[in-house]
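Chain naming here is simple, since letters A, B, ... match the order of the sequence lines and numbering starts at 1 in each.
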Amino acid sequence: MGSGGEVLGALTDGPALRICHLYPDLLNLYGDRGNIMVLTQRARWRGLPVAVTSVGLGEPLDPAGADFFFIGGGEDRQQRIAADDLCRRKRGPLQDAVADGAVVLAVCGGYQLVGRYYRPAEGEDLPGVGLLDLWTEHPGPAARRLIGNLVIEVEGMDAPLIGFENHGGRTRLGPGARPLGRVRTGFGNNGEDGWEGATDRRVYGTYLHGPLLPKNPAFADRLIAEAVSRRHPGFTLAPLSDGNAARAREVMLARLGTPAGKSARARVE
Amino acid sequence: MRLSTAIALGKATATLSRRLHRGGGTTMPGRVARAVEPRVLPLLSRRLRYGSVIVAGTNGKTTTARLLAHIMEALGRVPVHNRAGANLAAGIASALVEHADLFGRPSGDVGIFEVDEATVPRVVPHLAPRVMIFTNLFRDQLDRYGEIDHIAGLWRATGEALRPDGVVVANGDDPLVYDAVRGLPGRLVTFGIEDERHALPAIEHTAEARYCYRCGTPYAYAWTYFGHMGRYRCPTCGTGRPPIDLAARDIVLAGADGASFTLAPSGGGQTARITTVLPGLYNVYNVLAASAAALEMGAPIDRVAEALASFAPAFGRAERVVAGGAELRLLLSKNPAGFNEVLRTVLSGGPLPAVLIAINDNIADGRDVSWLWDVEFEMLAGRVAHVVVTGLRAEDMALRLRYAGLAEGAIEVQRDYEPALRAALARAAGRPLFVLPTYTAMLALREVLQRWGAVGRFWEH
């Protein structure tokens, strides 16, 4: 599976892809660490040097220390602990990193925390770090959770993103953020406006877990390429064979009655 | 009169559904009876001479309930218990209706009911149990249950329903369980493992309780046995593992063949050496839970040990089946913590030629399979030559194994159960084949085995 990875590794000081996992032992609800596994394996399979660090409660975050920041989901209680620490210690460094072209992927509870605020079912509002112009409100303990398989179409991508969602909060976007995609199956941000996720600059927020990246390798590669190109402009990734992912996608899309994207079909053949 | 009608109709439903092969009538009779007489649970359960025991928790409910029933039988008591998986109110009502005559007189004298985690508050007030067992609390089917904190809150809220003379038997090594039950009325009896030789080198990813539920400070773990079970303490508020009333000491694990340990009550009471065919530390916890409840129900410790030695596993839980000239071992694997323990047990005997993994995403399995990424399948890489995957989410499982470091050629997808079993048996080449299914995949595989003449129908257990 050779690529330009080795060459790139030789050109740089240290790893070409530096991933920072925020609160791995606190926000880890829905197999979220699978996203990190996919990022690192896909880099390794290409011979691309990769490093993963984690930053937890009370620890400083170095905006120049990573090219890719990941935040997963947690239960309300864990989310509250994380929100407090995020706002007090990590807001400034994260904003600096984004301004400098770093990639941020925030899933589910993490997605809610990169917005302006999250109003939980009970208790006080949780402040967000404001990386994306959005806010989330939980309609109350009696409201139904938005749970199920989720398929969205993303502009500029041949194949839809596939995953699972499970959230009580309803998210709405302000003018500063674009939706990540349009819902084909499932609820998305709020179950009403047909949009899912949000993006701005290289920040991506989504309710898609499953986890997100294993079954959406094209999206994983897009994020890897963006992260690496922060310090290596013009960088492109060599393709990998993703037969297992393609078959898992096909089975789920067929079950949901959604035709597979053309690229997914092409990969199977 | 209404109770008699409810029982009669419930029994008729059971007969009918069995005739129609509708899964043995494990829940419909109860649903029918409750529709006629909503108070069927309290009316029938209060006639049980020795009262009722309920078993709740994420892992180990069925095995613990069956262990306890087995001990009670050895003491000459006649347990009434619900079928594996039929652990909502209707399943419990079905068991009571089936074991009562038309006047509501029970044919048994002690109720042993496994109760779905989230159903505890809806069932406990009706049963007024004498003993409540709480095994452990892990993430499981989050799409159905909501969040772990929610379940712990439901348990906490059952307080008023417990009899004042009731006993709460709880896993003292699980901070989530202990936090949920410590305020409940009734006497608290804790069980736990006291054998640090079996501690893990590092806390597992599947650990749920890393932060103190009182104050949010990270727990200081002296060690863990699996998941978040272990010796923990909050350095800020001092909340920690309670004193253990019934401990397992000097544990010897015999791989997939079973375990033995010393059952030791606190305060220097009589101890007993326990031998069981149930493998792994997770089953040591199940045996402990059942033993603690049995002792509370008046069983002498040596009779408990004697009964445990003759226990045969519940269906699909370390069950051994001979089929096609080979031995199969079915180990239900339904969530990350349980799966990790099963993998460790399976691999403890050295490298294997083949393993069969069957993953479904029906409602009873949980529709969200993201938990597969919380399981340490990396353990299999280099230690199992060939993995056959089947079930509705076979492809997701194959993808997970690929990222766990298994070669593409070492992973075989067989969408259908029977070809999957045949392929895995062929690869096992005479060695016992370990079959690791989710709940409904286990039922489906057993149907195949039953067609092969290997096992009985599941309601016959």
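Of the possible donor and acceptor atoms, one in the side chain of A:Q41 sits under 3.5 Å from a partner among the backbone N and O of B:Y403.
Around CZ of B:R427, the count of heavy atoms belonging to other residues, nucleotides or ligands within 6.0 Å does not exceed 12.
Separation of atoms CG (B:D368) and CG (A:N149) is listed at 8.0 Å; rounding is to 0.5 Å. For the atom pair CG of A:N166 and CZ of B:R367, the computed distance is 9.5 Å after rounding to the nearest 0.5 Å. Here CG of A:L213 is found 9.5 Å from CH2 of B:W373. Values are rounded to the nearest 0.5 Å.
Highest contact tally toward chain B, considering only A:D25, A:I81, A:N35, A:D32, is held by A:D25 [criterion: heavy-atom pairs under 4.5 Å]. Between chain B and the residues A:P214, A:G34, A:G148, the largest count of heavy-atom pairs under 4.5 Å involves A:P214.
Interface remark: A:N28 contributes backbone and side-chain atoms alike to the contact with chain B (heavy atom separation under 4.5 Å). Residue A:E165 does not touch chain B at all, counting heavy-atom pairs closer than 4.5 Å. With a threshold of 4.5 angstrom between heavy atoms, B:V375 approaches chain A through N, CA, C or O but not through any side-chain atom. With a 4.5 angstrom heavy-atom cutoff, B:L392 touches chain A via backbone and side-chain atoms both.
Contact check for B:L399 versus A:R247: no side-chain heavy atoms found under the 4.5 Å cut-off. Between B:D396 and A:M252, every side-chain heavy-atom pair lies at or beyond the 4.5 Å cut-off. Looking only at side-chain heavy atoms (C-beta outward), B:E395 and A:K215 stay at 4.5 Å or farther from each other.
Across every non-hydrogen atom of A:R77 and B:C212, the tightest pair is NH1-O, 3.5 Å. Contact record, A:P211 with B:S370: N-CB, 4.0 Å, taken as the closest heavy-atom pair.
In this structure, B:E376 pairs ionically with A:R33, as a charged nitrogen and a carboxylate oxygen lie closer than 4.0 Å.
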